Protein chains: 2
Amino acid sequence: MNISDVAKRTGLPAKTIRYYEEINLIRPARDTNGYRVFKDTDVHKLAFLGRARALGFAIEDCRTLLALYEDETRASADVKRVAQDHLTQIEDKLAQLESMRDTLTHLVQECAGDARPDCPILKDLAKD
Amino acid sequence: MNISDVAKRTGLPAKTIRYYEEINLIRPARDTNGYRVFKDTDVHKLAFLGRARALGFAIEDCRTLLALYEDETRASADVKRVAQDHLTQIEDKLAQLESMRDTLTHLVQECAGDARPDCPILKDLAKD
DNA sequence: GATAAGGGTTCCAGTCACGGGAAGGTCAAG
DNA sequence: CTTGACCTTCCCGTGACTGGAACCCTTATC
């Protein structure tokens, strides 16, 4: 299978697939003409990576998860720890964004949004 | 005032202040020895920028907001639009993160997290 | 007068996970 | 034989800094 077929199947851009090879997440074979040749296992790994990325895991986490996936003697605790750490980071980020949203929502509501220069948003940003 | 004093006052790292000068957000004067010399207006601008960044505004938005702040004939509608657009982006990001959090929370709960290899997290990532 | 500490300066490289685009090789169809 | 759609590698740019090297300036101390 060539790269564009794999891209269609996995939903990943070809660029991304090449990048994943470059950083050794996958190692597709090569045809005599230099084209990458993907086996089902490659496609499967890429789909795995795509889903892990969609859950927000960093590339290095994805590498770890893939290694755990391929290690049949893994402990589920190792997987859980990676996921739990990531979940904690997401929750931190959420709290931060919610705080921003709350402040911004308030400021936007206060602002008349007309032709006059008076603006509580700027006033807040410029407060001493 | 030298850069480290400004860093203390604004809470911004000196590196960041130099960066803001490099991209022309501020233009501090220079002493004969080459040191940056910050006036109160510079410090004020930097504090403004720090607060805008803390609300998640992109640097280019900060540039716009600063320009609006300094333009006494601005329309508050222009400020509000920038803030509203940013707020919308934050809400999109929030929805995305919440979706990740929900999925991850569920998966983490399902995972035994013990020495056995069986793991619903990996199972989910590897699903067809 | 030498030196050391603690400022300051510039410049370069790295971060993260790709995306865009150029230059060029390969393949199947008409 | 050419056209068009593939494929390849390589290099640059993204955002907003951060770290570090190499070097200059000032002040205090020995």
Side-chain angles (χ1 to χ4, degrees), chain A residues 1-38 42-43 45-46 48-66 85-86 89-90 92-93 96-97 100, chain B residues 1-38 42-43 45-46 48-66 82 85-86 89-90 93 96-97 100:
Chain A
M1 222 180 332
N2 280 349
I3 198 164
S4 63
D5 303 314
V6 179
K8 270 170 217 151
R9 280 211 203 183
T10 61
L12 297 171
K15 278 268 183 187
T16 298
I17 298 173
R18 291 196 192 97
Y19 174 65
Y20 287 174
E21 182 193 24
E22 192 188 329
I23 61 173
N24 295 316
L25 281 176
I26 52 166
R27 303 172 190 274
R30 293 289 178 139
D31 205 340
T32 49
N33 59 12
Y35 287 20
R36 289 172 183 79
V37 181
F38 295 84
D42 295 317
V43 177
K45 276 195 204 182
L46 286 167
F48 182 102
L49 291 167
R51 273 187 291 267
R53 291 286 299 133
L55 286 178
F57 285 104
I59 288 283
E60 287 314 305
D61 281 348
C62 292
R63 191 191 303 280
T64 302
L65 290 170
L66 200 50
D85 287 356
H86 178 48
Q89 284 193 17
I90 284 183
D92 289 353
K93 189 79 188 169
Q96 204 185 348
L97 284 175
M100 289 179 188
Chain B
M1 221 179 332
N2 280 350
I3 199 164
S4 62
D5 305 313
V6 179
K8 271 170 215 150
R9 281 210 204 183
T10 60
L12 297 172
K15 278 269 186 185
T16 298
I17 298 173
R18 292 197 191 94
Y19 174 65
Y20 287 175
E21 182 193 22
E22 192 188 331
I23 62 173
N24 295 317
L25 281 176
I26 52 166
R27 301 172 192 274
R30 294 288 179 142
D31 205 341
T32 48
N33 59 13
Y35 286 20
R36 288 171 184 81
V37 181
F38 295 84
D42 295 316
V43 178
K45 276 194 202 182
L46 285 167
F48 182 102
L49 291 168
R51 275 186 291 267
R53 291 287 298 132
L55 286 178
F57 285 104
I59 288 285
E60 287 314 305
D61 282 348
C62 292
R63 192 189 303 279
T64 303
L65 290 169
L66 201 49
V82 173
D85 287 356
H86 178 46
Q89 284 193 17
I90 285 183
K93 188 80 188 167
Q96 203 185 347
L97 284 174
M100 289 179 187

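We use all heavy atoms of the structure for the numbers below, so side chains are in, but hydrogens, waters and symmetry mates are not. Only a predicted model underlies this, so the values are computations on that prediction, with no experimental measurement involved. Proteins get letters first, then strands, A, B, ... in listed order; numbering begins at 1 in each.
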For residues A:A52 and A:C62, report the shortest heavy-atom separation together with the two atoms involved.
CB-SG, 3.7 Å
Starting from C1' on C:dA17, measure out to CG on A:N24 and report it in whole angstrom.
16 Å
Using only side-chain N and O atoms of A:N33, determine if any of them is under 4.0 Å from OP1 or OP2 of D:dC7.
no
So which nucleotide from D:dC7, D:dA16, D:dC10 ends up closest to the side chain of A:I3?
D:dC7
Measure across B:L97 and A:I90 and return the closest heavy-atom pair with its distance rounded to 0.1 Å.
O-CG2, 3.8 Å
Assert: residue with more 5' nearest nucleotide on DNA chain C, out of A:A58 and B:F38, is B:F38
Taken to the nearest whole Å, CG/B:L12 to C1'/D:dT18 is 14 Å
Nearest nucleotide by nearest heavy atom, which residue falls closer to the 5' end of DNA chain D, B:K15 or A:G34?
A:G34
What's the CG-C1' distance between A:D5 and D:dC6, to the nearest Å?
10 Å
Reckon B:F57 touches a base, only the sugar-phosphate, or nothing at all at heavy-atom distances under 4.0 Å?
nothing
So B:F38 and B:D5, side-chain contact (heavy atoms from CB on, under 4.5 Å) or not? Walk me through it.
CA-CA 9 Å; B:F38 295 84; B:D5 305 313; over 6 Å; no
For A:R18 and D:dC10, is the shortest distance between a side-chain N/O and OP1 or OP2 below 4.0 Å?
no
d(OH, B:Y20; C1', D:dC17) in whole Å
8 Å
Starting at CD1 of A:I17 and ending at C1' of C:dG19, how long is that distance when rounded to a whole Å?
14 Å
Taking all atoms of both residues into account, what is the closest heavy-atom pair of B:R36 and B:I3, and its distance?
CD-CD1, 4.3 Å
Check whether any side-chain N or O of A:T16 sits under 4.0 Å from OP1 or OP2 of C:dG19, and answer yes or no.
yes
Could you state the CD1-P distance from B:I59 to D:dT18, rounded to the nearest angstrom?
11 Å
Does C:dA17 have its OP1 or OP2 closer than 4.0 Å to a side-chain nitrogen or oxygen of A:R63?
no
Among D:dC7, C:dG19, D:dA16, the one nearest any side-chain atom of A:N2 is D:dC7
Heavy atoms from C-beta onward define the side chain here; which of C:dT9, C:dG21, D:dT9 lies closest to that of A:R36?
D:dT9
Backbone of A:S4 reached by a side-chain donor or acceptor of A:N2 within 3.5 Å:
no
Atom-pair distance (CD1 on A:I23; P on C:dT15), nearest Å:
12 Å
Distance in angstrom units between B:E21 CD and C:dT10 C1', rounded:
12 Å
Would you confirm whether A:H86, through its side chain, and A:D61, through its main-chain N or O, come within 3.5 Å as a donor-acceptor pair?
no
Against the side chain of B:R30, the closest entry in C:dT9, D:dC7, C:dG7 is C:dT9
If you go through the side-chain atoms of B:Y19, does one of them form a donor-acceptor pair with the base of D:dG15 closer than 3.5 Å?
no
Below 4.0 angstrom from OP1 or OP2 of D:dC24, is there any side-chain N or O of B:Y35?
no
